[in-house]
Each structure stands twice: as C-alpha cells, then as structure tokens.
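A short write-up of the structure that comes next.
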There are 2 protein chains.
Amino acid sequence: MANIQHVARQAGVSVATVSRVLNGQDTVSAKTRIKVEDAIKKLNYEPSMLGRNLRNSESRILLILIPSIKNPFYLEVIKGIENIAISQNYNILLCETDSNPERENIYFDLVRKKMADGIISMDPAVNVETLKKLAENHAIIQCSEYAEDSGIPYITIDNEEASYLAVKHLIKLGHEKIALVNSDEKYLYARQRKLGYVRALKEHGLSMNEQYIIHTEELGFEQGQQAMKKIMQLADRPTAVFAVSDLLAIGALKEINANGLHVPNDMAVVGFDKIDFSNMTNPTLTTIAQPMYKMGTIAAKMLINQIKGEHVDSIILDHELVIRESTLG
Amino acid sequence: MANIQHVARQAGVSVATVSRVLNGQDTVSAKTRIKVEDAIKKLNYEPSMLGRNLRNSESRILLILIPSIKNPFYLEVIKGIENIAISQNYNILLCETDSNPERENIYFDLVRKKMADGIISMDPAVNVETLKKLAENHAIIQCSEYAEDSGIPYITIDNEEASYLAVKHLIKLGHEKIALVNSDEKYLYARQRKLGYVRALKEHGLSMNEQYIIHTEELGFEQGQQAMKKIMQLADRPTAVFAVSDLLAIGALKEINANGLHVPNDMAVVGFDKIDFSNMTNPTLTTIAQPMYKMGTIAAKMLINQIKGEHVDSIILDHELVIRESTLG
DNA sequence: ATGAAAGCGCTAACAT
DNA sequence: ATGTTAGCGCTTTCAT
C-alpha cells in the first residue's frame, strides 16, 4: 500500500506538498497540484486515517451510548446524529450497554483511550459519577435522559409537561380512573412523568389511587403485558391507561385484547415516543411525539461544538400529543 | 495527558518495559511490573489507541453495512456481531446506506483509509463491482444478502427452501389462491424466494397467477399496505398472502383489518424474519424464523478470521417455520 | 511556493 | 530482564 512518501517521490515533490494537496490548501501551485494528483491516481494512494488521527490527536469518532438498540425510540435519534456526524466527517460508534456497568466501562474506556472524541449518552442507567469524572477531560452530551446537577449539557423534552398533556387528554375524554404504567422511579424521566400525571389529576379534582400506578423494570412489550395483567385484576378497574413508552402501551393493548375488551371503548390507551410501530397496531396508538430526529441532530451539533472547545448550553425541545384510535371511540 | 514516556520516566524504566507491562508480556519482573503499575496509577495514564493503532496498522473497528437501521431484522444480527466483536476487542461502526451509493462510498472509503479493518455487508443494494474490487485488498463478509459469483464469503439461509416451506404450509391449510408480496427481483433473495413459492405451487398442482405476485420497492409497513390494497382489488381474490418480510406482512394485516376482513379466516398471512414485532400484532404473525443472532456471531467470527489472514468458507444456516395466529383459524 | 525535519504515542527488533 | 532505537503515516513549523 502506497503511503505519502511514495506519492511524494512519484510526483517529485516533498511529503509536505502532498499533505497540502491532500488537505486542499491553496498555497500549492496548479502545476504541482496536478503532478501530485497524478501520482496519487497512479499509485492508487489512499491517505491513512491512522497516521492522520495520531498526528491530529483525534479519532473523528463519536460514541453513542444507548441501553438497547431494540428500543425503537433510539433509532430515529441515531439517524439524526448520524446525518450531522457524516456531514462533519465524523463517524459514530453505537454502543449498547444493556444497562450493564461492565459494558459501560468498556465503552468509557474507548474515549479514555482516544478511540472516540466524545460521547452522547442516552442511557438512563448510566453511572452519573463516572460520567461526571469523564466529563472533566472529555466532551459529553446527555440526550433525552440526564442528570440535573451533573453540569453536563443535555438535550431533552419537558417530560413533566408532556405527561401532563397526555393525562389531561384522557381526563377531557371523561376518564376519571386512569392508570399509569411507569418505569422505575430511580430514573429522572419516570419521576418527571409521574409528576405530570399527578398534576393533571389534581388540577381536575381527581383523586389519586396508588393501585393505579404500576412500575416496570423495562420499557418493553412484555412489561406492558404484565402491567396490564395487574391492572385487569383490580376490583375497581380503571378506564384508561397512560404508559410511558409506546412499547409498554402496545403490550397493554395486546393484553386488553386478550381479555376480550375493546380499545378504546372499554379501555383507552396512551403511549409515549411515537415510534413507527405505534401507527401499525390495531387500533393505532395515541401517543406523545418527541422530536427524535431533531434531538439527534442537535445533540450531535452540541457534541461537535464541545469537542471544538466551545461552550454549549442545554436545550429543551417541544413535544406534541398525537391523537389516534386508541383514545377515539 | 500522560503518555508512555511520562510513565517510563516516573517508573524509572524504559518505554519498552512500560509497553511490555501494558501488553501483559511475561518477560517483566514482578518488581518492575509493580513500579510501572504504580506510575500508571499515579499519572492516571491511559494508553492511546491512536498510537497503538498506527503502529499496528489496524483500527480494530469492523464496519457493518446495512440499508436502514429501521428494519428490525438487522438489529438482532447486529447484536450478535457486537458481542463477538467486543469479546475480541473490536468495535463496530454501524453504517446505514439508505441504499444510497454516495453514502456507500463514504463508508467504503473508511476501510480504504484504514479507519476500519473489514466490512460485513448486509446491504442488498450494495454495488457488487465495488465490493469485489475492495475485497481484493480488504476483509469482507457478506451477511444474509450476497452476490453468488463474487468470490466473497457469505453467511445466509436457504431462501428458496424457506419460502417453499412457508407456501407449503399455506397449501396444507387448504389455500389454493396464494399471493406473494415480494421485493424487487433485482435482489437475489427476492428471486430465490419467488422460486420457492413457484416450486411449492407446482409440486401441489396449483397454477400460478401472475396477478397474485406483487413487487414492492422496500420491505416496510407502508409497502405492505399498498401491496394489500392491490390484492384487495383483484376480482378473484386470494385467500392467503405470503410476504417476504414481517414488516410487509404487518402492513398487509393492517390493510386487511381496515377492509373489515378477518385474519386468518378471510385471509391468512405469513411473514418472514420473525422480528420481535411479529409477536406483538393482533393476530400474531406466522413467519419464517431466521437465526439472526447466530448469523451475526458467525459473520463476525468469519470477518475477524479473514482479517487475521485465514481462509473462510461460506455458510448456510437453518431456518424454521413459526406457526402463529395469522394462519391458524 | 516548496522542502526539511520534528514529532504525535506506540510496538518490536535488536542489543545487552 | 531491560534498554535503545527505528518507524508506523501523517501534519505543521520553520526555513528558504
């Protein structure tokens, strides 16, 4: 494989000049440039990122930390990140932690070892202390889930308000007994979404029933089914469910159907995220739309700016209630 | 940031010795090893992959080429690749081409420029000529979709046989008018799956109706809906549909429901891939299971072996028919 | 406008 | 068992 030396020799110039041509510097005469370009072509030369990266002390790789690639919520965000990354000559390393601290540490090591220039953390289960320490020396952005007091810039939505909006929608439809399928309240977003739920009930003079609040370990389909099973067994059964993820809601949907009940007539359902699949179910799912793609693009821009040494501010994006069949009789 | 020189000075040894400790070589005395380890700790030293990679002429990155991250089929395969990669100290660069040749070329450049050590190509729309040329100098494995004559090792399933199995299942249930929702026959797997469909019909004395064969641009939900719309309009409507992806099948399901018909009584449906969602729909989807995770692990092993310079052979994995509600009255 | 040369951080061949 | 040193391929400063 040809290297820059070979090209220089072939073109009869110095490596410095070849490097200048490679990097599009305008201090090279047209004649020389052509000589170099010919040599490059003739030798089938491809500049090595390995040499360049060492020299520049950068990897041009962004690390994205997600709990699981199986959660479709992340896919759209990743698309956004990816497009910005590519346009700025970065590449992304997609890292699934499976909420496993060991895995997490392997990935953190990548940035410690300069294999990645920065991190976009989307893992709610991330070790905040480690993240904070890492942030002292490395570029880090929190996306979607964040630790408030970490001092690490984040981009997210107003979870409390979004949740409030969802529950208010159900209340306006006449529902008074509304279940909440939430994830573990060790996560900030879970606490925020519960606050919105509680606020909506309170504002409309509805009492809160602790039995109506189900906590799940994960945000998946099976957990939604399980949660709905519990709800089905309640003596005073609710007439509506708000689940904090579409996958949970879809699991609930399935379980409601399995019990021979009808959505939304017997039980209305609202999800969260507006993943693609929320429109493929029968009935289609009312849900809170997050601007996932946009969130990804902004997160990427934030990270790249931070890598450049600029100061970046946290951002809160808008959400939107998308009303579909699962709440429309 | 400390480098290997600093550590050497701090420990009072040479950089060579530090490197030996770093790489776990047993030619270092216990006393020296401890001195070095202390120095590493004291300086908070982290070895730079940038230096190591240049020196070793490797990036320890595997490039995975997929058309779109939105197709859940790939997710499970990626999981498999990822786990093997991690265990062998590789990382994966997930590259979506969106079947866009420009994108594809950006990614191919990464391996040309030594940013990646090899490629697992899963993109049916890949430019085979480019791939072949690249394979002359780089490690490449084809996964799932492949070009027969390329000489590039592949891992896949027997698409013709799998398709035959699916259609035979429908025939055994008594269906005689079976539609095929296939993707563009420019893809090998599409041609293979059509062959299986044709063979099943022939073997059971059923005539083939060209009207029953619908081609779609992509394998998604919307395309499934569109295809089903066309099928619904046929004068002599089929009683069963075999779609070559679960997403297509789920789209078909939705459209059938929208027409007030019942699955499977009015129309039986079979999908392909056994993605997670195929079990979340109502009714659940009969489908052909591909061993996606296993396919990923083997593809990764094949690629890593190829990077090491070993010869690797192509592999065909088993498939399985999973019978669920969409074909069971 | 171009070249010479240093050096990014590491590994390994060779020497001791 | 340990040290010296060359060199992986590139960019950039300093000279000219």
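First the proteins, then the strands, lettered A, B, ... as listed; each starts at 1.
Nucleic acid contact for L50(B): none, since no nucleic acid atom lies under 4.0 Å from a heavy atom of the residue. Within 4.0 Å of V13(B), counting heavy atoms only, lie sugar-phosphate atoms of the nucleic acid but no base atom. No engagement by N53(A) is indicated, since no non-hydrogen atom pair under 4.0 Å with the nucleic acid exists.
Comparing dC8(D), dC8(C), dT13(D) by their nearest atom to the side chain of R20(A) picks out dT13(D). Residue S14(B) places its side chain closer to dG3(D) than to any other of dC10(C), dG9(D), dG3(D). Comparing dT2(C), dT11(D), dG9(C) by their nearest atom to the side chain of S29(A) picks out dT2(C). Candidate nucleotides dC8(D), dA1(C), dC10(D) were compared by shortest atom distance to the side chain of S48(A), and dC10(D) ranks first.
A straight line from CE of M115(B) to C1' of dG9(D) spans 14 Å, rounded to a whole angstrom. Between the CZ atom of R52(B) and the P atom of dC10(D) there is a distance of 21 Å, given to the nearest Å. Between the CD atom of Q25(A) and the P atom of dA1(C) there is a distance of 12 Å, rounded to whole Å. Rounding to whole angstrom units, CG of residue D26(B) and P of dA12(C) are separated by 14 Å. Per the geometry, NZ belonging to K114(A) stands 9 Å off P belonging to dC10(C), to the nearest Å. Atom-to-atom, CD1 of I4(B) to P of dT5(D) comes out at 16 Å; the value is rounded to the nearest Å. We find that CD of E46(A) is positioned 15 Å from C1' of dC10(D), with the value rounded to whole Å. For R60(B) and dC10(C), the CZ to C1' distance is 15 Å, given to the nearest whole Å.
Here R112(A) pairs with D109(A) in a salt bridge; the nearest charged N to carboxylate O distance falls below 4.0 Å. Salt bridge annotation for D318(A)-K294(A): absent, with no cationic side-chain nitrogen under 4.0 angstrom from a carboxylate oxygen. Salt bridge R52(A)/E58(A): absent, no basic N to carboxylate O contact under 4.0 Å. Ion pair K132(B)/E129(B) flagged as a salt bridge, since at least one NZ, NE, NH1 or NH2 atom sits closer than 4.0 Å to an Asp/Glu carboxylate oxygen.
Between T17(A) and dA1(C), a side-chain N or O to OP1/OP2 separation shorter than 4.0 Å is absent. Side-chain N/O atoms of R55(B) include none lying less than 4.0 angstrom from OP1 or OP2 on dG9(C). Listed pair N23(B) / dT11(C) meets the phosphate criterion, a side-chain N or O lying under 4.0 Å from OP1 or OP2. For the OP1/OP2 pair of dT2(D) and a distance below 4.0 Å, the side-chain nitrogens and oxygens of T32(B) include at least one atom meeting the criterion.
If S57(B) and A16(A) are placed on DNA chain D by their nearest nucleotide, the residue sitting closer to the 5' end is S57(B). Between V28(B) and L54(B), the residue anchored nearer the 5' end of DNA chain D, judged by the nucleotide with its closest heavy atom, is V28(B). Heavy-atom nearest nucleotides on DNA chain C were determined for A30(A) and for N3(B), and the one closer to the 5' end corresponds to A30(A).
N53(A) and S59(A) share no side-chain donor-acceptor pair at under 3.5 Å. Judged purely by distance below 3.5 Å, without hydrogens or angles, the side chains of S183(A) and Y189(A) pair a donor atom with an acceptor atom.
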